[in-house]
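Source: prediction; values computed, not measured. All ligand and atom numbering here is 1-based and tracks the order in the structure.
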Amino acid sequence: MVKVLDHPLITHKLTQMRKEETGTLNFSRNLDEIAGLMAYEICRDVPLHEVTIQTPVSECHTYELDKEIILVPILRAGLGLVNGIRSLIPTAKVGHIGLYRDEETLEPHEYFAKFPKGLEDAYVLVLDPMLATGGSAIAAIDMVKKRGAKSIKMVCLVGAPEGVKALTEAHPDVDLYLAALDDHLNELGYIVPGLGDAGDRIFGTK
Ligand code: PRP
Ligand code: URA
């Protein structure tokens, strides 16, 4: 399943991020806000279990989250989605995957991996703002699956059709959420119109 969450608030904030003149502070702030809005929608199907509690008035049969939620940002740019989601789900644990894309071959290279316990039973959200060729997302999902994760969603901001096709073919069981589906990849592997290099814009490295 591929879902584009093109709510007007998300689209407006993404437009601010796309603008060339938007600086690091506003870029990151809008990314935080979009991450929270996307998480609210993505978590609609998080399983609940029944609990009985006592309110100040009476006993109440109600529900609590049934599964642990684990966020797995792909370094570096995926880190930009963590705080916004954690502001809604403060109990979420965070694993990290370090991948960089070779500028020539566009192939992903792993340089770091650290996960909390319990991936097998958790609701796992893999985070990366950019889905270009799809190589990084596919490799990250391979890594969490290898460690037992079964319930996995991929959360991206901007996707290229090439990346969507590659990811859905490689991992048809993983739902993909985007804030926007863009037009194509250019000859350097950048999403067009996109927003440039997400990692550099979040961390001010260019
Ligand atoms: C960017 C982006 C994704 C990847 C997407 O990361 O954050 O991880 O490229 O491209 P793909 O779909 O073709 O794999 P990059 O490798 O530039 O690293 P960074 O986040 O450290 O800047
Ligand atoms: N990574 C980015 O940060 N931006 C792109 O457009 C493609 C890959």
**Request:** Answer yes when E33 and R29 have at least one side-chain N-carboxylate O distance shorter than 4.0 Å, and no when they do not.
**Result:** no

**Asked** Nearest 0.5 Å, what's the NE2-OG1 distance between H49 and T62?
**Response** 10.0 Å

**Asked** Is the closest side-chain donor-acceptor distance between R76 and T205 under 3.5 Å?
**Response** yes

For ligand 2, list every N/O pair with the protein closer than 3.5 Å, one pair per line with the distance.
unit_1: ligand 2; atom_1: 3 (O); unit_2: A198; atom_2: N; d: 2.8
unit_1: ligand 2; atom_1: 4 (N); unit_2: G196; atom_2: O; d: 2.8
unit_1: ligand 2; atom_1: 6 (O); unit_2: I191; atom_2: N; d: 2.8

**Message:** Nearest 0.5 Å, please: how far is OG1 in T52 from NE2 in H61?
**Reply:** 5.0 Å

**Prompt:** Say you draw a straight line from OG1 of T24 to CD1 of I202; how long is it, rounded to the nearest 0.5 Å?
**Reply:** 9.5 Å

**Item:** F115 side chain reached by V72 side chain, heavy atoms, under 4.5 Å
**Value:** yes

**Prompt:** Any donor-acceptor pair under 3.5 Å linking the side chain of N30 with the backbone of N26?
**Reply:** yes

**Request:** Give a yes or no on whether a salt bridge exists between K165 and E162, defined as a side-chain N under 4.0 angstrom from a carboxylate O.
**Result:** no

**Prompt:** Does the pair K13/D32 count as a salt bridge with the N-to-O cut at 4.0 Å?
**Reply:** no

**Prompt:** What does the list of residues with a heavy atom under 4.0 Å from ligand 1 look like, ordered by chain and number?
**Reply:** L75, R76, A77, Y100, R101, D128, M130, L131, A132, T133, G134, G135, S136, D197, G199

